[in-house]
Amino acid sequence: MNSLVTPALRGSAFLLCLAVISCGGGGDSLGGSSSSGTGTGTVTPSSNVASVTVSAGPAGVNAINTLYTTVTVCVPGTTTCQTIDNIQVDTGSYGLRLLSQVLTLSLPVTTAASGGGLVECTEFVDGYSWGPVALVDVQISGESASSVPVQLIGDSRYPTAPSDCSSGAPAAENTVATFGANGILGIGPFAQDCGSYCAANIPEPVEYYGCTTSIECQSTLVPVTAQVQNPVTMFTTDNNGIIITLPSVASAGAANVAGSLIFGIDTESNNASGTETVVPVTDQGFVTTVFNSQTLDESFIDSGSNATYFDDTSLTQCPTSGSGSSASISDFYCPSSPTTLTAEFVLSNNSTVNESFEVASANTVSDTVTAYPGLAGTIPSLTGTAPTMNASFDWGLPFFYGRRVAYAIEGAATSVGTGPYIAF
Amino acid sequence: MIRKLGWLSGTVVVGALWSAVASAALGEPETSLTAETQLNGASIKQSGYGAYRINEMQLPSGTVIREYAGLDGKVFAVTWSGPFIPNLKQTLGNYFAEFSAQAGAAHGTRKHLEVRQPDLVVESGGHMRGHHGLAYLPQALPSGVSVGDLQ
């Protein structure tokens, strides 16, 4: 529920947004950067380039540091299609998921191995999304993929999630308002949302169900190819990874920042690898960050996180204020002035590369801002002297401002490495 | 309430395993190692650090759970790490209701959720295929132990 962060951060902006026709529209890019040579901003339109925008999202969502794009989906093999905007671009998940609330196509549900319709409980950290799997043809910019398994979240044919579904995360995110987007395009470095584990085992909490009626569901194994798929891997071309480019954003923030989503790595003239830093990614999608002398080996670089989340007890946290916990942003940082800190990424040869990042007050975000590079929040960590778990640094969308970030999909060989990796 | 006999039978294996592995939850007595020795699907490690003990369990899914118990045998903290979020209804026990109520008001995103109450702190983070989390009871920490120092 990305939106929950913003009413507290914005105050009256939330109400203002509801009063006007569109909160997120417009296309004024920041800084006018359009040079592919600098690796920032937007790149020249091409068949493998989709436009992306850091906008407020669907009406009423009032998102911050959230990247959206537009996707066209079609009934397989037909020209019966629908173009859907405000689809969140997420490198921290795998697969296309659409909110049934905005879907006008009639799509049959795929069949589960155990019988009945295949329905998924997708566990996000703050909530779950429940809905069946269907096949669609996907078109994004000039790229296309046929019969891609996608999830239809909040589908009325399966109205009730099993109680097990809420055992990892308590809140249902089955509507545009609670999900914060019309859908999500998971284009991280893996091809499926679960992979080989769910083809041979039932995870707990259960991820996939076969539902013989609208409410009677049992856990099911799912062959890898029947799972919800990262659509990029099913494109006919440019299918080995993605690159996101966004312009720099000033400390004060900006509105409706435009960038590009480039498909493929080393497949076209506009996606060639160069001298970038290549960071290895574990099979869980993690990288290793060193910060304040702590080695944080469950860190991640994620376009779907709306802030930089890390633990630094020397930074001033925002005051607990207002009435009710929803008005408190004490789990964000509120330094008196923007401050620049430095962490490191650990590379495959165990060398490190420095990474500077900004922390600015979460209390001073202008009402009109949708991109705020200094937004940073806390992570309570166990940082004892022995290796511990919970050693994480979440590099959210602020990491992407002013640079070009590539994600190579597992097994994909490019001129600078074999996926999964992240390069910038 | 709907009937879900089918999926219940589908999950009973893992559920039974869990209940044997970790009959304990936050605020409750620590895992019975006697029960654990009867297991064949989960690996268990126990280690002591003076003021507290750690029971570490690896679930079949690959997710590792550590429970931290004081010398009184009560669990005051749990952590998890692995490809799947564990069943937090079981891991948090009686505190799941408080977690659920507060999580709705927290500034959660799909990758990060933090609940801070005087008697309960929960942080859940990560993304698809890689999750981690920490939950503890601030008022139940053993004397002289701070959360940041836990091994």
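For clarity, every value in this text was computed on a predicted model and none was experimentally measured. Naming convention: chains lettered A, B, ... in sequence-line order (proteins, then strands); numbering from 1 in each chain.
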J.: For the side chain of B/T63 and the backbone of B/F84, is there at least one donor-acceptor N/O pair under 3.5 Å apart?
T.: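 Such a contact is found between B/T63 side chain and B/F84 backbone.
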J.: If we count only N and O atoms by modelled type, under 3.5 Å, do the side chains of A/T160 and A/W130 hold a donor and an acceptor together?
T.: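 Checked: A/T160/A/W130 side chains show no N/O donor-acceptor pair below 3.5 Å.
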J.: Looking at A/D394, A/D302, A/T213, A/I184, which makes the most heavy-atom pairs under 4.5 Å with chain B?
T.: A/D302
J.: With only heavy atoms counted, which part of A/Y94 is less than 4.5 Å from chain B, the side chain, the backbone, both or neither?
T.: both
J.: Does the side chain of B/E30 pick up a donor-acceptor pair with the side chain of B/N55 at under 3.5 Å?
T.: yes
J.: What part of A/C211 is in contact with chain B, defined as an atom under 4.5 angstrom from a non-hydrogen atom: side chain, backbone, both or neither?
T.: neither
J.: Indicate whether any N or O donor in one side chain lies under 3.5 Å from an N or O acceptor in the other, for A/T122 and A/R97.
T.: yes
J.: Considering only heavy atoms, which portion of A/N201 lies under 4.5 Å from any heavy atom of chain B: side chain, backbone, both, or neither?
T.: neither
J.: Among A/G377, A/C194, A/S93, which residue has the highest count of heavy-atom pairs closer than 4.5 Å to chain B?
T.: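 Sorted descending by pairs with chain B, the first entry is A/C194.
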J.: Pairing donors with acceptors under 3.5 angstrom, does anything connect the side chains of B/S61 and A/E204?
T.: no
J.: For chain B, which candidate among A/S167, A/S166, A/P170, A/G92 shows the most heavy-atom pairs at distances under 4.5 Å?
T.: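 Looking at each option in turn, the highest pair count goes to A/S167.
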J.: With chain B as the partner, which of A/D283, A/D90, A/V125 has the greatest number of non-hydrogen pairs under 4.5 Å?
T.: A/V125
J.: Please check: side-chain N/O of A/S219 versus main-chain N/O of A/V206, any donor-acceptor pairing under 3.5 Å?
T.: no
